[in-house]
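Taking it in order: structure first as structure tokens, then the write-up.
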Amino acid sequence: MVDSETQDRADYEGPLDLPDDYEPEAEDHGDPGPSLTDDLVALLEDGKTYAEAEVAYQKSRAGFAANRLKGAIAFGLGAFGVLHLALIAFTVGAVIALMPLLGPWGATALVTVILIVAGVIMLRLLKGRIDDIRDAFSDSNDE
């Protein structure tokens, strides 16, 4: 024989882990939450905020890079000046070292000819590099 409490439980079709005296709360349909329009407006505002932050970040990054570039150019020019002076000292030293063997005019002529040959070789190498760059950007497809 089944008592009435067991019969009531058998008739209940719901989750088994709820207490026996559970009554579902009445749903309040008064505030449905944000609408799709509200969500789109919020998305656009977030996108605008993100874009403004990205522009500010890129501006600060460009400022930092420009500041570092100024310093790099200054150090590069300083290094170029010092190396230029070192090459002048080497040239004068070579002329002085060759004077006992060739005389002052012969030593000067030899060092001058060697420097001119080195300069012409470097100019030819430079021309080859420039031609390679020009070929890379040319519109003709001769390959």
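Computed from a predicted structure; not experimentally measured.
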**Item:** Single-linkage hydrophobic cluster, 4.5 Å side-chain cutoff, Leu87 and Val92 together
**Value:** no
**Item:** Criterion salt bridge (Lys or Arg N to Asp or Glu O under 4.0 Å) on Asp131 and Arg134, from CA distance to verdict
**Value:** CA-CA 5 Å; Asp131 289 342; Arg134 188 178 302 133; 3.0 Å; yes
**Asked** Transitively linked via ILVMFWY side-chain contacts under 4.5 Å: Leu110 with Leu101?
**Response** yes
**Message:** If you compare all heavy atoms of Thr112 against all heavy atoms of Thr108, which two are closest, and at what distance to 0.1 Å?
**Reply:** OG1-O, 2.7 Å
**Asked** Does Ile114 share a hydrophobic cluster with Phe90, counting links as ILVMFWY side-chain heavy atoms below 4.5 Å and allowing steps through other members?
**Response** no
**Asked** Roughly how far, to the nearest 0.5 Å, is the CD1 atom of Ile130 from the CG atom of Asp135?
**Response** 12.0 Å
**Asked** Which heavy atom of Ala107 sits nearest a heavy atom of Leu98, and at what distance?
**Response** CB-CB, 3.6 Å
**Prompt:** Can you get from Leu85 to Phe80 by hopping between Ile, Leu, Val, Met, Phe, Trp and Tyr side chains that sit under 4.5 Å apart?
**Reply:** no
**Request:** Answer yes if Leu83 and Met122 sit in the same cluster of Ile, Leu, Val, Met, Phe, Trp and Tyr residues linked by side chain heavy atoms under 4.5 Å apart, and no otherwise.
**Result:** no
**Complete:** Separation between NZ (Lys70) and CG (Asn67), nearest 0.5 Å, reads 6.0 Å
